[in-house]
**Q** 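Supplied in structure tokens, the structure appears directly below.
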Number of protein chains: 2
Amino acid sequence: MKVQDLRFAVLATDVVLFSLHDDRLWVRLITTQNTHFQGMQALPGGLIGPTETADEAAKRHIEAKTSIASAKVHFEQLYTFSTIDRDPRGRVVAVAYLGFVPWERLSEVERGSTSDARWSPLKDARGLAYDHDEIVKVALARLRSRVTYTTLLQKLLPKEFTLTELEHAYEAVLGADLDKRNFRKKILKLDILKEVPNKKSGGAFRPAQLYRFATDKVIEIEVI
Amino acid sequence: MKVQDLRFAVLATDVVLFSLHDDRLWVRLITTQNTHFQGMQALPGGLIGPTETADEAAKRHIEAKTSIASAKVHFEQLYTFSTIDRDPRGRVVAVAYLGFVPWERLSEVERGSTSDARWSPLKDARGLAYDHDEIVKVALARLRSRVTYTTLLQKLLPKEFTLTELEHAYEAVLGADLDKRNFRKKILKLDILKEVPNKKSGGAFRPAQLYRFATDKVIEIEVI
DNA sequence: TTTCATTAGTGTATATTGTACACAACATAT
DNA sequence: ATATGTTGTGTACAATATACACTAATGAAA
């Protein structure tokens, strides 16, 4: 299909799929087939079909392009990019999405690389095709902002986690160090976590109490 | 033009244009020409052309449909609505925008009504055509949220204003009463306002000091 | 079985910020 | 000069934020 043929814009979606692992943020990148950006890395995405919503298209393309089950991913609409010449093939307007998936929920295959798709540390995700550098920049800004006043971070963490893991997650996303004792006082006082009976023993040291979020819903609450 | 003819979606924009007046929020509404919603009220908007961005289309339609100079309006992208059957004429995806204009900047004509457009108190803006009730709902939620952690409210106020006017603006948007002395202490400590030399005398009582925002830019800062 | 290494878990003192609350100052109109 | 109505201000108390260091628990190794 040639996008120039269309009367108005072609609608597409691009997804900035985040995961958290090894105290760093990672993004899922693909190798673009577009001849204008031969072999370059890009965000997964594709056209929005005539009978699907933007959300549905985002989910569909994540499955098709990155081999990651969309049911494991939490999606949020990010921004719609409509610069005229953002795609050299013609007018393409992209409804960009944020996606969040806990590394622990990924299978071995989903964690790995194929010739087409791979996880990349966010810091190395530069020089992307199209305007995808810009989209990633907006995505990170949104993530950082939302993490401070919502419980969005739960979508990057496994069901059960220790307070140290939670603290490290905030530190990785915000790029800042937090005080251990003050962090614990604050996060526990918010009453958004529940202690679970289990403990996590990771080696030759005191095992840590496990917690989970009281609700699956991302709620608005001043966190950090 | 028949939108059904298009291969994929037709792209449109809808604008929730807010103003603040008489201690209430107002929205600019038009009378829709769509036969499916004969004579109903709707948000101003229209198609995004092949050679304009969504932002440009939003500005263009505000001028064309509501007779308000778009240069006076501060625009922010709100959300992209892509439900399949949101428009009975066919598949139309709408990039919705927030617009903010200070009532004081409006001319007599812009404040008034025509057969096609009018200002409506936000509370009365219900029963709109299409999914516009939903869009207005999302718009108000976004406005309320952003007002607490940004200086967005400056875009609904005249250049110079008294602290009482600023307080009333917050009260109108948030739908809550604020303590006069605590509000003043807090807002002045943020260092986002500048005293101007003038005072505003409104009658047989002590005139009020005028202030303006230190910068035109909307910045992120915990306000209320 | 003792010691070592490593992470988990906790408290307190001080500074800062939030909250509740009432009256004098100022300009104008009469 | 006095009545009117809005502006502008301070203080005491409560709550929250910040800075900071040691003990507890486990498993591994000696």
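Order of the sequence lines sets the chain letters (A, B, ...), proteins ahead of strands, with each chain counted from 1.
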**Q** Would you kindly compare B/Leu210 and A/Lys199 by the position of their nearest DNA chain D nucleotide and give the one closer to the 5′ end?
**A**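 Its nearest nucleotide lies further toward 5', so the answer is B/Leu210.
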
**Q** Kindly say whether, by distance alone, the side chain of B/Arg206 makes a donor-acceptor pair under 3.5 Å with the base of D/dT7?
**A**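 Such a pair exists between side chain and base.
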
**Q** For the side chain of A/Ala208, counting heavy atoms from C-beta on, which of D/dG8, C/dG9, C/dT6 is nearest?
**A** C/dG9

**Q** Measure CD1/A/Ile187 against C1'/D/dT16 and give the value in whole Å, please.
**A** 15 Å

**Q** Distance check needed: D/dT26 C1' versus A/Lys200 NZ, whole Å only.
**A** 16 Å

**Q** A/Ser201 side chain N/O closer than 4.0 Å to the phosphate oxygens (OP1, OP2) of D/dT26?
**A** no

**Q** Measuring centre to centre across the rings, with the benzene-like ring taken for any Trp, is B/Tyr130 within less than 6.0 Å of B/Phe81?
**A** no

**Q** Taking the six-membered ring for Trp, are the ring centroids of B/Tyr211 and B/Phe161 within less than 6.0 Å of each other?
**A** no

**Q** Roughly how far, to the nearest 0.5 Å, is the CD1 atom of B/Ile68 from the CD1 atom of B/Ile62?
**A** 6.5 Å

**Q** Between the protein and nucleotides 16-20 of chain C, which nitrogen or oxygen pairs come in under 3.5 angstrom?
**A**
residue, atom, partner, partner atom, Å
C/dT17, OP2, B/Lys189, NZ, 3.4
C/dT19, O4, B/Lys185, NZ, 3.2
C/dA20, N7, B/Asn182, ND2, 3.0
C/dA20, N6, B/Asn182, OD1, 3.3
C/dA20, N6, B/Lys185, NZ, 3.3

**Q** Whole angstrom is fine here: how far is it from CD in B/Gln209 over to P in C/dA25?
**A** 18 Å

**Q** Is there side-chain contact between B/Arg118 and B/Leu29, with at least one heavy-atom pair below 4.5 Å?
**A**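 Yes, at least one pair of side-chain atoms sits under 4.5 Å.
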
**Q** Please report the distance, rounded to the nearest Å, between CG in B/Leu163 and C1' in D/dT6.
**A**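 The distance from CG of B/Leu163 to C1' of D/dT6 comes to 13 Å, rounded to the nearest Å.
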
**Q** Side chain of B/Ala204 only, heavy atoms from C-beta on: which candidate in D/dT7, C/dA29, D/dT6 is closest?
**A**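 Ranking D/dT7, C/dA29, D/dT6 by closest atom to the B/Ala204 side chain puts C/dA29 first.
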
**Q** Between A/Lys137 and A/Asp131, does any side-chain N to carboxylate O distance fall below 4.0 Å?
**A**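 The answer is no: the pair does not qualify as a salt bridge.
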
**Q** Please state how far atom CD in A/Glu167 lies from atom C1' in C/dT7, giving the value in whole angstrom units.
**A**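 One finds 12 Å between C1' of C/dT7 and CD of A/Glu167, rounded.
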
**Q** Remember a base hit wins even if backbone is also touched, and classify A/Thr164 as base, sugar-phosphate or nothing at under 4.0 Å, heavy atoms.
**A** sugar-phosphate

**Q** Expressed in angstrom and rounded to an integer, what is the separation of B/Phe183 atom CZ from D/dT9 atom P?
**A** 14 Å

**Q** Calculate the interatomic distance between B/Leu178 atom CG and C/dC21 atom P; express it in whole Å.
**A**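 So the two atoms are 15 Å apart, to the nearest Å.
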
**Q** Could you check how far CZ of B/Phe161 sits from P of D/dT6, rounded to whole Å?
**A**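 Atom-to-atom, B/Phe161 to D/dT6, this comes out as 21 Å.
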
**Q** Considering only side-chain heavy atoms of B/Pro207, which listed nucleotide, C/dA29, C/dC26, D/dG8, is closest?
**A**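 So the side chain of B/Pro207 is nearest to C/dC26.
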
**Q** Where do A/Trp119 and A/Gly112 come nearest, in terms of heavy atoms and distance?
**A** CD1-O, 4.3 Å

**Q** Decide salt bridge (charged side-chain N to carboxylate O under 4.0 Å, His left out) for B/Arg60 and B/Glu52; before the verdict, give the C-alpha distance in whole Å, the side-chain angles of both, and the deciding distance to 0.1 Å.
**A** CA-CA 10 Å; B/Arg60 179 168 62 83; B/Glu52 65 183 351; 2.5 Å; yes

